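Below is one structure; the comments refer to it alone.
On a predicted model such as this, the values are computed, not experimentally measured, just so you know.
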Amino acid sequence: MAFIEIQNLTRNFQNGNDCVQALRGADIIMTEGTFLGVMGPSGSGKNTFLSILGGLCGPSGGRVAIARALVNEPPLILADEPTGSLDSATSKEIMDLPAYLNQEGQTIVMVTHNQENTQYFQRTISLRDGQVDSDRAVFTATTQKATAI
């Protein structure tokens, strides 16, 4: 069973008379215990995606289904650029913590611009213009396992 299931997720923002589409039909399924990295250039929809998962804003369309997560109270960590503006040594120290927590079974979704952080992820999605541009499972010595649907 999916821990988080997103189908046709959209989020629009009104900017005067213009409508800005931050997310356009994103589909993502995550199993419990996954360390998911969300990457993409500025304006791709990463922060909007994380805000919707965290309940800070709602989608314009599409049953981000996190009911199972709320009922069973499993751990979910949402991290937005935790290594932003840090040197590489400090970034490694910061990334070791969620990597350890993930190995203990916690589910983590992290937004980052830092390509070096991808070595910690079991799975990485890239957003471009509000859509999932790529979705790939990753296996490295650091992740120990790969999970993808």
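- A heavy-atom distance below 4.5 Å is found between the side chains of M95 and T83.
- No side-chain heavy atom of L101 sits under 4.5 Å from any side-chain heavy atom of F35.
- Residues P41 and H113 approach most closely at C-NE2, 4.4 Å, considering heavy atoms.
- G45 and L23 make their closest contact through O-CD2, 3.7 Å (heavy atoms, listed as atom of the first residue, atom of the second, distance).
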Point to revise | Evaluation steps, side-chain hydrogen bond (donor to acceptor under 3.5 Å, both in side chains), between S91 and S88 | key: CA-CA 5 Å; S91 291; S88 59; over 6 Å; no
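- Of the possible donor and acceptor atoms, one in the side chain of S60 sits under 3.5 Å from a partner among the backbone N and O of N12.
- Electrostatic pairing of R123 and D135 counts as a salt bridge here, judged by a charged N lying under 4.0 Å from a carboxylate O.
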Exercise for review: Before giving the answer on side chain to side chain contact (heavy atoms under 4.5 Å, CB included), spell out for M39 and T118 the whole-Å C-alpha distance, their side-chain angles and the decisive distance to 0.1 Å.
Suggested key: CA-CA 9 Å; M39 303 197 63; T118 62; 3.1 Å; yes
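- The OH atom of Y120 sits 4.5 Å away from the NZ atom of K92 when rounded to the nearest 0.5 Å.
- Under the 4.5 Å side-chain criterion, counting only non-hydrogen atoms from C-beta, I29 is not in contact with I4.
- Inter-residue side-chain proximity for V109 and L53 is flagged as met; some heavy-atom pair is nearer than 4.5 Å.
- Side-chain atoms of N117 and T112 form a donor-acceptor pair, as typed in the model, at a separation below 3.5 Å.
- With values rounded to the nearest 0.5 angstrom, C57 atom SG is found 5.0 Å from F13 atom CZ.
- Connection of F121 to I77 is established within a shared hydrophobic cluster, with ILVMFWY side chains joined at heavy-atom distances below 4.5 Å, either directly or through further cluster members.
- Hydrophobic clustering, with ILVMFWY side chains joined whenever heavy atoms are under 4.5 angstrom apart, keeps L56 apart from L78.
- Residues S51 and T48 have side chains that never bring a donor and an acceptor to within less than 3.5 angstrom of each other.
- Once rounded to the nearest 0.5 Å, the distance linking CG of L36 with CD1 of I108 reads 10.5 Å.
- Hydrophobic clustering, with ILVMFWY side chains joined whenever heavy atoms are under 4.5 angstrom apart, groups L97 together with M110.
- Within the model, atoms CD1 of I125 and OG of S134 stand 8.5 Å from one another, a figure rounded to the nearest 0.5 Å.
- Side chain of R11 to main chain of Q21: no donor-acceptor pair is present (N/O by atom type, distance under 3.5 Å, no hydrogens or angles).
- Using modelled atom types, one side-chain atom of K46 and one backbone atom of G40 make a donor-acceptor pair closer than 3.5 Å.
- Put simply, the side chain of Q119 gets close to the backbone of E116: a donor and an acceptor are under 3.5 Å apart.
- Between V38 and L50, every side-chain heavy-atom pair lies at or beyond the 4.5 Å cut-off.
- Among all heavy-atom pairs drawn from F3 and E32, the shortest one is CB-N, 3.4 Å.
- Panel note: side chain D27, backbone N8; a donor-acceptor pair is recorded below 3.5 Å.
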Exercise for review: For the pair N102 and Q106, evaluate side chain to side chain contact (heavy atoms under 4.5 Å, CB included) and give the outcome as yes or no after the intermediate values.
Suggested key: CA-CA 5 Å; N102 177 248; Q106 289 190 314; 5.7 Å; no
Check your understanding: Does the side-chain hydrogen bond (donor to acceptor under 3.5 Å, both in side chains) test come out yes or no for N114 and E81, once each step is laid out?
Key -> CA-CA 8 Å; N114 188 341; E81 293 286 352; over 6 Å; no
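- Checking side-chain atoms of T107 against main-chain N and O of G33 turns up a donor-acceptor pair under 3.5 Å.
- Side chain of D87 to backbone of T90: a donor-acceptor contact under 3.5 angstrom is found.
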